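All values below come from the heavy atoms of this structure, side chains included, with hydrogens, waters and symmetry mates left out. All of these numbers come straight from a predicted model, not from anything done at the bench.
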Amino acid sequence: MLNLPRFKERFRLWGKHYRPELVACGILFVAILPLLMPGHITYSDLAIGRVADEYLNYVIGVFNEQLGTPNWFNLPRLTWIALPYMIGKIFGNSGHIFLVSLIYLIFVVSTFSFGSLFRRLVADSKHPLSEVGLVVGALVYALNPWVIIRIQHIFILCGYALVPLVISWYWGLLGEESWGRSNFHVPLSMREWRKFLLLGAVVSASFAGIHFGIFIILCMVAMVGILVPKALWVAIKRRCLFSWLVWYGLRGALTGATFILFAAYWIMPFVMSIVGGIRPSQNNVNAIETVVNFSRAVTPSNLLLGISYWWPQFDHTLIPQTFFIGGLAIMGVGAIGVLYSRRIILASLAGLVLFIATGTYFPSFAARYISMVFDTMYPFGDMIRDPNKLYGVFILPAAIFIAYGFTALENMLKKLLSSDAKIKVGIGSFATVGLFLWFSPIYNIFFLGYYYPVEWPEAYDNLNAQLEALPEP
């Protein structure tokens with residue numbers, strides 16, 4: 001039987017703990033309000049149709065004659081569209097509500113996902129947690145200009161949203177906190193079993209956007225390479241090498257098994273397509289001219305601030321200078337965060353990714369980049385043929401350092417001012433102005449322009465009525 005007072009208390013504590021994420025989600029809800037205006041979003045890949053069933057049928061109808069690769073790319077999306085589809089059905093099978101619900105779901109997942117990783121990093125480094133820093137970092141990750149532009153390719157953001165969460169959870173399952181005092185005690189707790197099952201489901205769902213699904217797998221492999229040797233050295237000192245081997249062997253097997261458990265429904269059509277002799281790739285035309293064209297909008301400032309997509313869809317020369325002032329101010333706080341957190345290796349990796357994302361912009365690097373695209377083993381070359389997608393990798397450490405930077409500013413001001421409330425208001429005001437100047441020009445172009453709902457043409461209704469009136473063949 002439900003214990004109502006206990007439930008209320010747990011809910012209150014949950015709300016207090018996740019207050020920064022809830023504040024960020026509230027801001028993001030305000031941001032999507034223009035998309036809820038009457039009409040339908042029809043821009044680019046967002047033109048899913050008038051009713052929610054139309055996109056569901058597109059995903060479910062996978063068993064075509066060729067077992068073609070679109071099956072593989074669409075099936076992992078079922079996990080993501082389930083809740084928005086039900087919401088759309090509640091509102092009269094509305095494709096519009098379905099789509100806006102999906103966009104907001106991605107924003108919410110991005111926010112809590114970032115919060116999970118940043119909290120773990122803060123706990124690991126023994127730094128105090130700044131609520132303002134977490135809110136700003138989460139907003140940067142969930143709604144930066146790159147995300148605003150890429151909403152039109154909505155499913156790439158599904159994998160993007162889950163990257164921090166997978167890193168955080170896998171760190172918790174393999175890191176020192178899980179074996180530190182137990183000498184690699186092999187049996188798993190019920191909490192660990194649940195975490196592995198959830199991890200398998202999350203990694204499977206990340207393949208709704210294949211690029212970041214593969215990136216998540218690479219991150220997990222890298223974490224094994226970092227965490228396992230450290231644990232091995234401890235096991236040797238504690239003389240429990242066999243327990244270490246069994247401990248990590250069991251967790252490796254569970255990682256693979258839970259992923260297969262939740263991914264089998266989309267992996268099987270993929271495997272069958274390979275058996276049928278169909279190459280597991282989209283029908284992309286990879287030519288040197290194509291790869292060079294993907295870097296056509298790259299400049300150092302455009303790249304750093306998230307607007308280097310090869311098809312700008314707006315005149316970059318008309319962007320106000322305030323966009324660059326606000327963006328560079330927020331990135332400047334991120335530079336402070338690098339010094340404050342002392343995570344130099346992470347900052348170096350972020351810089352390396354950002355440099356590769358220049359594509360063919362620098363003549364001295366252009367030939368090397370083209371070679372990376374064409375000569376790297378599939379699918380890694382195809383993944384970076386559009387260098388702008390690498391910005392989605394770069395912005396995670398950038399958002400982390402921005403959150404650290406605001407934490408540093410808050411701690412510095414505490415030494416000068418006694419009022420904690422005034423410090424938070426001052427830092428929050430600075431962050432609000434900086435983010436507004438950075439985000440608003442791109443937000444206005446897309447949310448108030450390209451993505452803004454339009455009225456359904458009356459001629460479409462008339463034609464649809466005529467088609468439905470036709471007799472069955």
Side-chain angles (χ1 to χ4, degrees), residues 28-65 68-110 143 147-161 205 208-210 265-266 269 282 311 313-314 442-473:
L28 291 167
F29 181 76
V30 173
I32 69 161
L33 286 178
L35 304 186
L36 287 169
M37 293 296 104
H40 295 270
I41 302 172
T42 60
Y43 190 70
S44 189
D45 293 357
L46 302 179
I48 65 167
R50 192 173 189 179
V51 296
D53 283 341
E54 291 186 13
Y55 193 83
L56 184 66
N57 292 337
Y58 175 66
V59 174
I60 295 241
V62 296
F63 298 104
N64 56 40
E65 294 177 358
T69 53
N71 303 341
W72 182 43
F73 288 115
N74 292 338
L75 269 177
R77 299 172 182 177
L78 283 173
T79 306
W80 282 92
I81 69 174
L83 179 60
Y85 174 74
M86 288 189 288
I87 296 173
K89 292 291 283 188
I90 292 171
F91 288 90
N93 200 20
S94 169
H96 179 209
I97 297 299
F98 159 77
L99 182 57
V100 178
S101 300
L102 176 60
I103 293 171
Y104 188 60
L105 174 63
I106 291 171
F107 285 171
V108 170
V109 172
S110 297
L143 194 66
V147 168
I148 294 173
I149 295 171
R150 285 291 186 171
I151 284 174
Q152 62 190 283
H153 308 135
I154 185 70
F155 287 101
I156 193 175
L157 298 180
C158 294
Y160 168 86
I210 180 175
Y265 77 95
W266 59 264
Q282 294 170 296
W311 177 35
Q313 301 159 69
F314 58 92
I442 312 304
Y443 176 89
N444 293 339
I445 291 169
F446 286 88
F447 274 72
L448 304 182
Y450 293 129
Y451 302 155
Y452 198 81
V454 298
E455 292 185 10
W456 194 267
E458 184 178 352
Y460 284 19
D461 283 330
N462 296 335
L463 177 60
N464 188 57
Q466 293 175 23
L467 293 174
E468 289 183 346
L470 293 175
E472 292 289 337

Taking only residues two or more places apart in sequence, or in another chain, which ones meet W456 in a ring-ring contact (aromatic ring centres under 6.0 Å, His included)?
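Scan of W456 (ring-ring contact (aromatic ring centres under 6.0 Å, His included), adjacent residues dropped) gives H40, Y460.
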Exactly one of I106, L143, I103 should register a side-chain contact (heavy atoms from CB on, under 4.5 Å) with L28. Which one does?
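It is L143; the other options fail the test.
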Compare all side-chain heavy atoms of [X] with those of [Y] and state whether any distance is below 4.5 angstrom.
| X | Y | value |
| --- | --- | --- |
| H153 | R150 | yes |
| I90 | I97 | no |
| F314 | N444 | no |
| L35 | Y104 | no |

Salt bridge (Lys or Arg N to Asp or Glu O under 4.0 Å) contacts touching [range] (sequence neighbours left out):
| range | result |
| --- | --- |
| residues 151-161 | none |
| residues 32-42 | none |
| residues 442-454 | none |

Name the atoms and distances for all side-chain donor-acceptor pairs under 3.5 Å in residues 445-455, with sequence neighbours left out.
from : atom 1 : to   : atom 2 : distance (Å)
Y450 : OH     : Q313 : O      : 2.3
Y451 : OH     : I148 : O      : 2.8
Y451 : OH     : I149 : O      : 3.0
Y451 : OH     : Q152 : N      : 3.2

Not counting sequence neighbours, which residues clear side-chain hydrogen bond (donor to acceptor under 3.5 Å, both in side chains) with [X]? List them please.
| X | answer |
| --- | --- |
| D461 | R50 |
| D45 | none |
| S94 | none |

List the residues meeting side-chain contact (heavy atoms from CB on, under 4.5 Å) with [X], not counting sequence neighbours, and say none if there are none.
| X | answer |
| --- | --- |
| V109 | W80, L105, A161, L162 |
| L470 | L467 |
| A52 | Y85, N93, F98 |

Reported [atom1]-to-[atom2] distance for the pair [X] and [Y], which is rounded to 0.5 angstrom:
| X | Y | atom1 | atom2 | value |
| --- | --- | --- | --- | --- |
| I41 | L46 | CD1 | CG | 6.0 Å |
| S101 | L36 | OG | CG | 8.0 Å |
| L157 | F107 | CG | CZ | 8.0 Å |
| L102 | I81 | CG | CD1 | 8.5 Å |

Considering all heavy atoms of both residues, which atom of Y443 and which atom of P34 are nearest to each other, and what is their separation?
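Residues Y443 and P34, closest heavy atoms: OH-CG, 3.3 Å.
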